[in-house]
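In listed order, ligands and their atoms are each counted from 1. Heavy atoms only: backbone and side chains are in, while hydrogens, waters and symmetry mates are out.
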Amino acid sequence: MRRIRQADKLKNVRYDVRGPILQEAQRLEALGEKILKLNIGNTAPFGFEAPQPVLAAMIQHLPDSQGYSDSKGIYPARTAVAQYYQSVGITEVGVEDVYIGNGVSELITMVLQAFVDDGNEILVPAPDYPLWTGAVALSGGTPVHYRCDERNEWNPDLADIESKITENTHALVVINPNNPTGAVYSEETVRGLVDIARRHDLVLMADEIYEKIVFDDAVHHHTAKAAGDDVLCLTFSGLSKAYRVCGYRAGWVVVTGPKERASDFLEGLTLLANMRMCANVPGQHAIQTALGGYQSIDELIVPGGRFHDQIQLASRLLNEIPGVSCVPPRGALYCFPRLDPEVYPIEDDEAFVIELLREKKILVTHGRGFNWFEPDHFRLVTLPDADVLTEAIGRIADFLQVRRGS
Ligand SMILES: Cc1ncc(COP(=O)(O)O)c(C=O)c1O
(Lines give C-alpha, C1' and ligand atoms only; values in the text may rest on other atoms or scores of the structure.)
Protein backbone atom coordinates (compact mmCIF):
# COMPACT_ATOMS: atom_id res chain seq x y z
CA MET A 1 0.00 0.00 0.00
CA ARG A 2 1.08 3.56 -0.67
CA ARG A 3 2.67 5.49 2.19
CA ILE A 4 0.65 8.49 3.21
CA ARG A 5 2.99 11.43 3.03
CA GLN A 6 2.80 15.13 3.62
CA ALA A 7 2.48 17.30 0.54
CA ASP A 8 5.65 18.40 -1.24
CA LYS A 9 4.65 22.00 -0.72
CA LEU A 10 5.43 21.59 3.00
CA LYS A 11 9.05 20.66 2.26
CA ASN A 12 10.45 24.10 3.10
CA VAL A 13 7.89 25.05 5.71
CA ARG A 14 9.14 25.19 9.30
CA TYR A 15 7.73 26.57 12.52
CA ASP A 16 10.29 25.70 15.16
CA VAL A 17 8.66 27.77 17.92
CA ARG A 18 6.29 24.83 18.23
CA GLY A 19 8.53 22.24 16.55
CA PRO A 20 10.83 19.40 17.69
CA ILE A 21 11.91 21.22 20.86
CA LEU A 22 8.32 21.42 22.05
CA GLN A 23 7.88 17.73 21.27
CA GLU A 24 10.85 16.95 23.49
CA ALA A 25 9.36 19.14 26.24
CA GLN A 26 6.08 17.23 25.95
CA ARG A 27 7.94 13.91 26.15
CA LEU A 28 9.64 15.07 29.36
CA GLU A 29 6.32 16.29 30.77
CA ALA A 30 4.79 12.90 30.06
CA LEU A 31 7.55 11.46 32.27
CA GLY A 32 6.47 13.78 35.08
CA GLU A 33 9.04 16.57 34.63
CA LYS A 34 7.95 20.16 35.25
CA ILE A 35 9.01 22.32 32.30
CA LEU A 36 9.10 26.10 32.33
CA LYS A 37 7.92 27.07 28.86
CA LEU A 38 9.51 30.28 27.67
CA ASN A 39 8.96 29.51 24.01
CA ILE A 40 5.75 31.31 23.01
CA GLY A 41 4.23 34.69 23.73
CA ASN A 42 1.07 33.32 25.31
CA THR A 43 0.07 35.72 28.08
CA ALA A 44 -2.73 33.82 29.86
CA PRO A 45 -0.61 31.06 31.49
CA PHE A 46 1.51 33.77 33.12
CA GLY A 47 -1.36 35.42 34.96
CA PHE A 48 -2.26 38.15 32.47
CA GLU A 49 -5.96 38.60 32.01
CA ALA A 50 -8.09 40.19 29.34
CA PRO A 51 -9.43 43.65 30.17
CA GLN A 52 -12.86 42.99 31.75
CA PRO A 53 -14.84 45.10 29.21
CA VAL A 54 -13.29 43.10 26.36
CA LEU A 55 -14.41 39.87 27.98
CA ALA A 56 -17.87 41.35 28.66
CA ALA A 57 -18.26 42.49 25.04
CA MET A 58 -17.73 38.98 23.82
CA ILE A 59 -20.00 37.37 26.42
CA GLN A 60 -22.73 39.91 25.70
CA HIS A 61 -22.67 39.07 22.02
CA LEU A 62 -22.48 35.28 22.26
CA PRO A 63 -26.19 34.83 21.55
CA ASP A 64 -25.94 36.77 18.30
CA SER A 65 -22.65 35.19 17.22
CA GLN A 66 -24.12 31.92 16.07
CA GLY A 67 -24.21 32.56 12.36
CA TYR A 68 -21.47 33.34 9.85
CA SER A 69 -20.67 37.02 9.59
CA ASP A 70 -19.69 39.04 6.53
CA SER A 71 -16.52 37.30 5.33
CA LYS A 72 -14.44 40.47 5.80
CA GLY A 73 -15.74 40.90 9.33
CA ILE A 74 -18.61 42.49 11.24
CA TYR A 75 -19.22 46.14 10.51
CA PRO A 76 -18.59 47.57 14.03
CA ALA A 77 -15.22 45.79 14.26
CA ARG A 78 -14.10 46.98 10.83
CA THR A 79 -15.27 50.51 11.59
CA ALA A 80 -13.38 50.52 14.87
CA VAL A 81 -10.19 49.32 13.15
CA ALA A 82 -10.53 51.93 10.38
CA GLN A 83 -11.15 54.69 12.92
CA TYR A 84 -8.17 53.59 15.00
CA TYR A 85 -5.83 54.04 12.02
CA GLN A 86 -7.48 57.35 11.12
CA SER A 87 -6.80 58.51 14.68
CA VAL A 88 -3.07 57.85 14.30
CA GLY A 89 -2.90 59.85 11.08
CA ILE A 90 -3.53 57.18 8.44
CA THR A 91 -6.54 59.03 7.18
CA GLU A 92 -7.30 57.17 3.97
CA VAL A 93 -8.52 53.98 5.68
CA GLY A 94 -12.20 53.08 5.27
CA VAL A 95 -14.30 50.13 6.39
CA GLU A 96 -13.83 48.41 3.02
CA ASP A 97 -10.05 48.40 3.50
CA VAL A 98 -10.24 46.21 6.60
CA TYR A 99 -10.27 42.40 6.65
CA ILE A 100 -10.83 40.69 9.99
CA GLY A 101 -9.25 37.27 10.46
CA ASN A 102 -8.61 34.51 12.97
CA GLY A 103 -5.57 36.31 14.29
CA VAL A 104 -2.75 37.80 12.29
CA SER A 105 -1.54 34.25 11.63
CA GLU A 106 -4.47 33.39 9.36
CA LEU A 107 -4.23 36.72 7.56
CA ILE A 108 -0.51 36.34 6.83
CA THR A 109 -1.21 33.02 5.14
CA MET A 110 -4.27 34.36 3.31
CA VAL A 111 -2.53 37.49 2.03
CA LEU A 112 0.49 35.54 0.82
CA GLN A 113 -1.68 32.91 -0.88
CA ALA A 114 -3.51 35.69 -2.69
CA PHE A 115 -0.34 37.60 -3.60
CA VAL A 116 2.55 35.23 -4.30
CA ASP A 117 3.15 33.32 -7.53
CA ASP A 118 5.60 30.44 -7.74
CA GLY A 119 9.16 31.72 -7.63
CA ASN A 120 8.30 35.24 -6.45
CA GLU A 121 10.85 36.52 -3.97
CA ILE A 122 9.63 38.09 -0.75
CA LEU A 123 12.06 39.96 1.49
CA VAL A 124 11.70 38.78 5.08
CA PRO A 125 13.75 39.99 8.06
CA ALA A 126 16.34 37.80 9.75
CA PRO A 127 15.68 37.13 12.47
CA ASP A 128 11.94 36.93 11.81
CA TYR A 129 8.74 35.67 13.35
CA PRO A 130 9.05 32.36 11.48
CA LEU A 131 5.45 32.16 10.34
CA TRP A 132 6.39 34.73 7.69
CA THR A 133 9.12 32.58 6.18
CA GLY A 134 6.99 29.45 6.40
CA ALA A 135 3.95 31.10 4.84
CA VAL A 136 5.99 32.52 1.94
CA ALA A 137 7.35 29.03 1.24
CA LEU A 138 3.88 27.49 1.53
CA SER A 139 2.54 29.97 -1.03
CA GLY A 140 5.19 28.88 -3.56
CA GLY A 141 7.40 31.93 -3.07
CA THR A 142 11.04 32.19 -2.06
CA PRO A 143 11.75 33.90 1.24
CA VAL A 144 14.88 36.04 0.91
CA HIS A 145 16.23 37.05 4.31
CA TYR A 146 17.65 40.49 4.93
CA ARG A 147 19.86 41.16 7.90
CA CYS A 148 18.78 43.14 10.92
CA ASP A 149 21.82 44.71 12.52
CA GLU A 150 22.46 43.81 16.14
CA ARG A 151 25.03 46.62 16.40
CA ASN A 152 22.37 49.12 15.35
CA GLU A 153 19.75 48.07 17.91
CA TRP A 154 18.59 45.40 15.47
CA ASN A 155 17.30 47.91 12.92
CA PRO A 156 17.09 46.42 9.40
CA ASP A 157 20.24 46.86 7.32
CA LEU A 158 18.90 48.91 4.41
CA ALA A 159 21.97 48.32 2.23
CA ASP A 160 21.57 44.56 2.70
CA ILE A 161 17.93 44.82 1.61
CA GLU A 162 18.89 46.77 -1.52
CA SER A 163 21.57 44.23 -2.38
CA LYS A 164 19.03 41.39 -2.28
CA ILE A 165 16.43 42.91 -4.59
CA THR A 166 16.08 41.23 -7.97
CA GLU A 167 13.55 41.49 -10.75
CA ASN A 168 11.61 38.71 -8.98
CA THR A 169 11.24 40.62 -5.71
CA HIS A 170 7.62 41.55 -5.05
CA ALA A 171 7.23 42.50 -1.40
CA LEU A 172 9.10 43.65 1.68
CA VAL A 173 8.01 42.30 5.07
CA VAL A 174 8.56 44.59 8.07
CA ILE A 175 8.04 43.33 11.63
CA ASN A 176 8.01 46.34 13.93
CA PRO A 177 8.21 46.14 16.93
CA ASN A 178 10.12 43.02 16.20
CA ASN A 179 9.74 39.51 17.43
CA PRO A 180 12.25 38.08 18.43
CA THR A 181 14.65 41.05 18.86
CA GLY A 182 12.39 43.57 20.61
CA ALA A 183 13.63 46.28 18.22
CA VAL A 184 11.42 49.31 17.64
CA TYR A 185 12.54 50.88 14.40
CA SER A 186 13.59 54.50 14.26
CA GLU A 187 11.59 56.87 12.10
CA GLU A 188 14.59 57.11 9.78
CA THR A 189 14.62 53.33 9.34
CA VAL A 190 10.87 53.18 8.62
CA ARG A 191 11.26 55.95 6.05
CA GLY A 192 14.22 54.10 4.55
CA LEU A 193 12.19 50.89 4.22
CA VAL A 194 9.35 52.76 2.55
CA ASP A 195 11.78 54.51 0.22
CA ILE A 196 13.18 51.13 -0.90
CA ALA A 197 9.66 49.83 -1.51
CA ARG A 198 8.78 52.95 -3.48
CA ARG A 199 11.88 52.85 -5.68
CA HIS A 200 11.61 49.13 -6.42
CA ASP A 201 7.82 48.98 -6.69
CA LEU A 202 7.44 46.54 -3.78
CA VAL A 203 4.36 45.95 -1.67
CA LEU A 204 4.95 46.57 2.04
CA MET A 205 3.67 43.98 4.51
CA ALA A 206 3.92 45.47 8.00
CA ASP A 207 3.35 43.17 10.97
CA GLU A 208 2.70 45.60 13.81
CA ILE A 209 1.05 43.33 16.35
CA TYR A 210 3.31 44.71 19.13
CA GLU A 211 2.75 48.37 18.25
CA LYS A 212 1.32 49.17 21.69
CA ILE A 213 4.02 47.29 23.59
CA VAL A 214 6.89 49.77 23.57
CA PHE A 215 8.97 50.85 26.55
CA ASP A 216 10.46 54.04 27.94
CA ASP A 217 11.27 56.53 25.17
CA ALA A 218 10.63 54.13 22.28
CA VAL A 219 8.07 55.37 19.74
CA HIS A 220 6.40 53.15 17.19
CA HIS A 221 6.16 54.54 13.67
CA HIS A 222 3.47 53.07 11.43
CA THR A 223 4.84 51.92 8.09
CA ALA A 224 1.53 52.79 6.40
CA LYS A 225 1.81 56.39 7.55
CA ALA A 226 5.26 56.76 6.00
CA ALA A 227 4.08 54.92 2.88
CA GLY A 228 1.31 57.45 2.29
CA ASP A 229 -0.77 57.05 -0.82
CA ASP A 230 1.87 55.95 -3.32
CA VAL A 231 3.07 52.61 -1.86
CA LEU A 232 0.67 49.74 -1.24
CA CYS A 233 0.93 48.75 2.40
CA LEU A 234 -0.79 45.90 4.24
CA THR A 235 -0.75 46.48 7.99
CA PHE A 236 -1.37 43.49 10.27
CA SER A 237 -2.39 43.72 13.91
CA GLY A 238 -4.87 42.32 16.39
CA LEU A 239 -5.95 41.71 19.95
CA SER A 240 -3.58 38.86 20.83
CA LYS A 241 -0.80 40.78 22.56
CA ALA A 242 -1.86 44.26 23.69
CA TYR A 243 -5.26 42.99 24.88
CA ARG A 244 -3.99 39.58 26.11
CA VAL A 245 -6.64 37.54 24.29
CA CYS A 246 -4.68 35.48 21.77
CA GLY A 247 -7.19 32.66 22.27
CA TYR A 248 -10.00 34.79 20.86
CA ARG A 249 -8.24 34.75 17.47
CA ALA A 250 -9.09 38.31 16.53
CA GLY A 251 -6.81 40.15 14.12
CA TRP A 252 -6.98 42.36 11.05
CA VAL A 253 -5.16 43.47 7.96
CA VAL A 254 -5.66 46.95 6.60
CA VAL A 255 -4.94 48.02 3.04
CA THR A 256 -3.59 51.51 2.34
CA GLY A 257 -1.94 53.26 -0.60
CA PRO A 258 -2.81 52.99 -4.30
CA LYS A 259 -5.66 50.49 -3.90
CA GLU A 260 -6.94 51.01 -7.45
CA ARG A 261 -3.68 49.51 -8.75
CA ALA A 262 -4.21 46.53 -6.45
CA SER A 263 -7.85 45.81 -7.30
CA ASP A 264 -7.07 42.42 -8.86
CA PHE A 265 -5.05 41.27 -5.85
CA LEU A 266 -7.74 42.54 -3.48
CA GLU A 267 -10.37 40.62 -5.41
CA GLY A 268 -8.25 37.50 -4.83
CA LEU A 269 -7.89 38.27 -1.14
CA THR A 270 -11.66 38.70 -0.84
CA LEU A 271 -12.14 35.40 -2.64
CA LEU A 272 -9.97 33.64 -0.03
CA ALA A 273 -11.81 35.44 2.78
CA ASN A 274 -15.09 34.21 1.29
CA MET A 275 -13.78 30.65 0.99
CA ARG A 276 -13.04 30.49 4.71
CA MET A 277 -16.53 31.94 5.40
CA CYS A 278 -15.58 34.33 8.22
CA ALA A 279 -13.42 34.80 11.28
CA ASN A 280 -14.52 33.58 14.70
CA VAL A 281 -17.53 35.83 15.34
CA PRO A 282 -17.45 36.05 19.18
CA GLY A 283 -13.84 37.25 18.98
CA GLN A 284 -14.81 39.91 16.44
CA HIS A 285 -17.24 41.38 18.95
CA ALA A 286 -14.34 42.15 21.29
CA ILE A 287 -12.58 44.39 18.76
CA GLN A 288 -14.64 47.57 18.99
CA THR A 289 -14.59 47.58 22.79
CA ALA A 290 -10.86 46.83 22.91
CA LEU A 291 -9.87 49.61 20.54
CA GLY A 292 -12.31 52.18 21.84
CA GLY A 293 -12.07 51.75 25.59
CA TYR A 294 -9.53 52.37 28.30
CA GLN A 295 -6.12 51.08 27.17
CA SER A 296 -5.03 48.97 30.12
CA ILE A 297 -1.89 47.96 28.19
CA ASP A 298 -0.53 51.41 29.07
CA GLU A 299 -0.18 50.30 32.70
CA LEU A 300 1.89 47.26 31.78
CA ILE A 301 4.50 49.05 29.68
CA VAL A 302 5.56 51.79 32.10
CA PRO A 303 8.01 51.42 35.03
CA GLY A 304 6.22 49.33 37.67
CA GLY A 305 4.20 47.52 34.98
CA ARG A 306 4.91 43.84 34.51
CA PHE A 307 5.75 43.90 30.79
CA HIS A 308 8.21 46.73 31.36
CA ASP A 309 9.87 45.51 34.51
CA GLN A 310 10.14 41.87 33.48
CA ILE A 311 11.77 42.57 30.14
CA GLN A 312 14.25 44.95 31.77
CA LEU A 313 15.05 42.42 34.47
CA ALA A 314 15.54 39.61 31.96
CA SER A 315 17.78 41.71 29.75
CA ARG A 316 19.90 42.82 32.73
CA LEU A 317 20.28 39.31 34.13
CA LEU A 318 21.22 37.89 30.72
CA ASN A 319 23.85 40.59 30.23
CA GLU A 320 25.40 39.64 33.57
CA ILE A 321 26.24 36.15 32.30
CA PRO A 322 29.82 36.02 30.94
CA GLY A 323 29.87 35.73 27.16
CA VAL A 324 26.19 36.64 26.82
CA SER A 325 25.01 39.97 25.42
CA CYS A 326 21.47 41.12 24.92
CA VAL A 327 20.53 44.34 23.15
CA PRO A 328 17.95 45.76 25.56
CA PRO A 329 14.56 45.22 23.91
CA ARG A 330 12.56 48.41 23.35
CA GLY A 331 9.28 46.65 22.61
CA ALA A 332 7.44 43.29 22.45
CA LEU A 333 7.80 40.44 24.93
CA TYR A 334 11.15 38.78 24.22
CA CYS A 335 14.90 38.86 24.75
CA PHE A 336 17.16 37.61 21.94
CA PRO A 337 20.60 37.25 23.54
CA ARG A 338 23.83 36.43 21.72
CA LEU A 339 26.18 33.74 22.93
CA ASP A 340 29.71 34.82 22.08
CA PRO A 341 31.04 32.03 19.80
CA GLU A 342 34.51 32.44 21.32
CA VAL A 343 33.09 31.51 24.71
CA TYR A 344 30.36 29.11 23.55
CA PRO A 345 31.37 27.46 20.28
CA ILE A 346 27.91 26.14 19.34
CA GLU A 347 27.51 24.29 16.06
CA ASP A 348 23.90 23.25 16.36
CA ASP A 349 21.78 25.70 18.32
CA GLU A 350 18.74 23.43 18.26
CA ALA A 351 20.75 20.66 19.95
CA PHE A 352 22.00 23.32 22.39
CA VAL A 353 18.49 24.33 23.51
CA ILE A 354 17.41 20.70 23.72
CA GLU A 355 20.33 20.06 26.08
CA LEU A 356 19.29 23.10 28.13
CA LEU A 357 15.77 21.70 28.24
CA ARG A 358 16.86 18.25 29.37
CA GLU A 359 19.28 19.52 32.00
CA LYS A 360 17.52 22.60 33.34
CA LYS A 361 13.88 21.99 32.34
CA ILE A 362 13.61 25.34 30.57
CA LEU A 363 12.17 25.62 27.09
CA VAL A 364 13.54 28.43 24.91
CA THR A 365 13.84 28.67 21.13
CA HIS A 366 17.09 28.58 19.19
CA GLY A 367 17.97 31.59 17.01
CA ARG A 368 17.96 29.61 13.78
CA GLY A 369 14.30 28.85 14.50
CA PHE A 370 13.84 32.55 13.63
CA ASN A 371 15.90 32.16 10.47
CA TRP A 372 18.88 33.89 12.05
CA PHE A 373 22.02 33.19 10.04
CA GLU A 374 24.36 31.88 12.76
CA PRO A 375 23.87 29.37 15.61
CA ASP A 376 24.65 31.95 18.30
CA HIS A 377 21.35 33.27 19.64
CA PHE A 378 18.26 32.08 21.47
CA ARG A 379 14.94 33.67 22.32
CA LEU A 380 13.45 33.87 25.77
CA VAL A 381 9.85 34.94 26.48
CA THR A 382 9.76 37.48 29.30
CA LEU A 383 6.19 36.85 30.47
CA PRO A 384 6.85 35.02 33.80
CA ASP A 385 6.90 37.15 36.93
CA ALA A 386 10.19 38.49 38.31
CA ASP A 387 10.80 35.56 40.68
CA VAL A 388 10.29 32.92 38.01
CA LEU A 389 12.38 34.85 35.47
CA THR A 390 15.20 35.22 37.97
CA GLU A 391 15.09 31.50 38.73
CA ALA A 392 14.96 30.61 35.02
CA ILE A 393 17.85 32.85 33.99
CA GLY A 394 19.79 31.59 37.01
CA ARG A 395 19.39 28.06 35.67
CA ILE A 396 20.50 29.18 32.21
CA ALA A 397 23.55 30.86 33.81
CA ASP A 398 24.43 27.60 35.63
CA PHE A 399 24.09 25.64 32.40
CA LEU A 400 26.36 28.08 30.57
CA GLN A 401 28.91 28.09 33.36
CA VAL A 402 29.45 24.36 32.88
CA ARG A 403 29.75 24.89 29.09
CA ARG A 404 32.44 27.55 29.67
CA GLY A 405 34.17 25.33 32.14
CA SER A 406 34.72 28.14 34.66
C1 LIG B 1 5.25 39.15 15.02
C2 LIG B 1 4.05 38.31 15.21
N3 LIG B 1 3.08 38.29 14.26
C4 LIG B 1 1.98 37.54 14.39
C5 LIG B 1 1.79 36.73 15.49
C6 LIG B 1 0.54 35.88 15.56
O7 LIG B 1 -0.49 36.63 16.12
P8 LIG B 1 -2.01 36.13 16.18
O9 LIG B 1 -2.24 35.60 17.55
O10 LIG B 1 -2.81 37.38 15.91
O11 LIG B 1 -2.20 35.10 15.14
C12 LIG B 1 2.75 36.69 16.49
C13 LIG B 1 2.58 35.80 17.66
O14 LIG B 1 3.43 35.64 18.50
C15 LIG B 1 3.91 37.50 16.35
O16 LIG B 1 4.86 37.50 17.27
*Using 4.0 Å as the upper bound for N to carboxylate O, is an ion pair formed by E391 and K360?*
no
*asked:* salt bridge (Lys or Arg N to Asp or Glu O under 4.0 Å), that's the test. Do E374 and R368 meet it? Break it down for me.
replied: CA-CA 7 Å; E374 289 95 29; R368 287 221 269 221; over 6 Å; no
Hey, can you pull the donor-acceptor pairs under 3.5 Å for the side chains in residues 382-390, sequence neighbours left out?
| residue | atom | partner | partner atom | Å |
| --- | --- | --- | --- | --- |
| T382 | OG1 | L333 | O | 3.1 |
| D385 | OD1 | D387 | N | 3.2 |
| D385 | OD1 | V388 | N | 3.0 |
| T390 | OG1 | A386 | O | 2.6 |

*Taking NZ, NE, NH1 and NH2 as the nitrogens, is one of them in E92 or K259 under 4.0 Å from a carboxylate oxygen of the other?*
no
*Can you list every pair that meets side chain to side chain donor-acceptor pair (under 3.5 Å) and has a residue in residues 342-351, with sequence neighbours left out?*
Y344-R404
Could you go through residues 111-126 and list every donor-acceptor pair under 3.5 Å that involves a side-chain atom there, pairing it with any protein atom two or more places apart or in another chain?
| residue | atom | partner | partner atom | Å |
| --- | --- | --- | --- | --- |
| N120 | OD1 | D117 | N | 2.9 |
| N120 | ND2 | H170 | NE2 | 3.4 |
| E121 | OE1 | T166 | OG1 | 2.8 |

What short N/O contacts, under 3.5 Å, does ligand 1 make with the protein, listed by atom pair and distance?
| residue | atom | partner | partner atom | Å |
| --- | --- | --- | --- | --- |
| ligand 1 | 3 (N) | D207 | OD1 | 3.4 |
| ligand 1 | 3 (N) | D207 | OD2 | 2.6 |
| ligand 1 | 9 (O) | S240 | OG | 2.6 |
| ligand 1 | 9 (O) | R249 | NH1 | 2.8 |
| ligand 1 | 10 (O) | V104 | N | 2.7 |
| ligand 1 | 10 (O) | S240 | OG | 3.3 |
| ligand 1 | 11 (O) | V104 | N | 3.2 |
| ligand 1 | 11 (O) | S105 | N | 2.9 |
| ligand 1 | 11 (O) | S105 | OG | 2.5 |
| ligand 1 | 11 (O) | R249 | NH2 | 2.8 |
| ligand 1 | 14 (O) | Y210 | OH | 3.4 |
| ligand 1 | 14 (O) | K241 | NZ | 2.8 |
| ligand 1 | 16 (O) | N179 | ND2 | 2.7 |
| ligand 1 | 16 (O) | Y210 | OH | 2.6 |

